[in-house]
Amino acid sequence: MNVDAINNLAGFLENIPSRHNRGFNMESYAGTVGEYTEANVGFQCKSTACIAGWACMILGQKGQVLKNARRESQIEGAYEEVAGNLLGLGYRMADELFEPMNNSCTALEVNWSKVTPRQAAKVLRHLAKAGEVDWEVAFA
């Protein structure tokens with residue numbers, strides 16, 4: 001687990017700079033905002049990304065936040081695999097973090113498209129500190 005990368009991503013999500021012109025939505029790795037999709041940040045745009053999407057776009061190989069985000073065309077491979085590698089996570093932990101709505105480990109009834117970047121950052125901070133993914137901390 002790359003604690004620095006996890007904390008750097010959490011810090012970024014806590015205050016996504018509007019210059020990136022992209023929203024946040026846990027139901028979309030990276031894509032366009034659709035009729036039923038919310039951006040969940042203080043600025044509105046026509047695109048969105050989840051934890052994995054943001055990790056792929058803004059984290060460098062050493063876990064640092066890049067000065068300029070990668071374009072989607074520069075991301076080679078599946079978002080969940082690339083993001084998992086950047087954060088130093090195994091498959092199971094990455095799945096719990098990136099796709100909680102499909103994970104049988106959580107009994108939470110949550111509208112995942114309404115999760116905010118700050119809530120996701122809480123989960124990342126907990127992961128860095130405790131070594132486990134626990135989405136309940138986002139809603140406490």
Side-chain angles (χ1 to χ4, degrees):
M1 187 166 61
N2 186 336
V3 173
D4 289 337
I6 293 167
N7 280 321
N8 287 342
L9 180 58
F12 182 87
L13 291 178
E14 287 165 345
N15 190 23
I16 298 173
S18 60
R19 69 182 171 87
H20 287 285
N21 196 30
R22 183 174 290 270
F24 181 88
N25 188 306
M26 279 303 297
E27 291 190 346
S28 175
Y29 283 113
T32 58
V33 174
E35 182 179 349
Y36 303 105
T37 309
E38 297 187 27
N40 297 328
V41 290
F43 56 94
Q44 295 298 315
C45 61
K46 298 287 185 202
S47 60
T48 186
C50 66
I51 290 175
W54 275 112
C56 290
M57 287 184 276
I58 61 102
L59 287 180
Q61 293 301 319
K62 295 179 182 176
Q64 77 280 19
V65 174
L66 300 171
K67 290 181 182 179
N68 296 306
R70 288 183 189 89
R71 293 185 306 273
E72 289 180 46
S73 62
Q74 294 174 306
I75 299 167
E76 297 180 15
Y79 279 85
E80 64 271 29
E81 290 175 25
V82 173
N85 289 336
L86 289 168
L87 297 174
L89 303 177
Y91 175 81
R92 183 171 168 261
M93 194 172 286
D95 187 49
E96 291 173 1
L97 181 63
F98 303 145
E99 297 190 20
M101 69 290 293
N102 298 328
N103 193 314
S104 61
C105 296
T106 183
L108 295 174
E109 291 188 27
V110 174
N111 181 343
W112 294 101
S113 68
K114 292 189 182 283
V115 171
T116 67
R118 289 182 187 266
Q119 289 172 313
K122 285 183 183 180
V123 175
L124 288 166
R125 298 273 188 214
H126 177 80
L127 171 60
K129 186 175 180 179
E132 67 177 3
V133 175
D134 183 358
W135 275 95
E136 290 186 28
V137 302
F139 311 105

message = Walk me through whether Leu87 and Phe98 qualify under side-chain contact (heavy atoms from CB on, under 4.5 Å).
response = CA-CA 11 Å; Leu87 297 174; Phe98 303 145; 3.9 Å; yes
How long is the gap from [atom1] on [X] to [atom2] on [Y], to the nearest 0.5 Å?
X     : Y     : atom1 : atom2 : answer
Cys56 : Glu72 : SG    : CD    : 10.0 Å
Glu80 : Leu97 : CD    : CG    : 12.0 Å
Lys62 : Leu86 : NZ    : CG    : 13.5 Å
Phe12 : Leu59 : CZ    : CG    : 9.0 Å
Arg71 : Gln74 : CZ    : CD    : 4.0 Å
Gln64 : Leu9  : CD    : CG    : 12.5 Å

Partner set under side-chain contact (heavy atoms from CB on, under 4.5 Å) for [X], not counting sequence neighbours:
X      : result
Glu81  : Ala78
Glu76  : none
Asp95  : Glu99, Asn103
Ala130 : His126, Glu132

| task | Check whether any side-chain heavy atom of Leu89 sits under 4.5 Å from a side-chain heavy atom of Leu127, and report yes or no. | result |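 Heavy-atom side-chain distance check passes, below 4.5 Å.
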>> Run Val110 and Trp135 through side-chain contact (heavy atoms from CB on, under 4.5 Å) and show every step you take.
In response: CA-CA 10 Å; Val110 174; Trp135 275 95; over 6 Å; no
Residue pairs passing the side chain to side chain donor-acceptor pair (under 3.5 Å) test with at least one member in residues 4-15, sequence neighbours excluded, are Asn7-Arg125, Glu14-Arg125
Minimum-distance pair of heavy atoms, taken over all atoms of [X] and [Y]:
X      : Y      : value
Thr116 : Gln119 : N-OE1, 2.9 Å
Ile6   : Ala128 : CG2-CB, 3.9 Å
Ala10  : Ala121 : O-CB, 3.5 Å

Can you tell me how the ring of Phe139 sits relative to the ring of Trp112, calling it parallel under 30°, perpendicular over 60° and tilted otherwise? perpendicular
Determine whether Val133 and Val123 satisfy the following criterion, side-chain contact (heavy atoms from CB on, under 4.5 Å), listing intermediate values before the conclusion. CA-CA 7 Å; Val133 175; Val123 175; 4.2 Å; yes
For the pair Val3 and Lys129, evaluate side-chain contact (heavy atoms from CB on, under 4.5 Å) and give the outcome as yes or no after the intermediate values.
-> CA-CA 8 Å; Val3 173; Lys129 186 175 180 179; over 6 Å; no
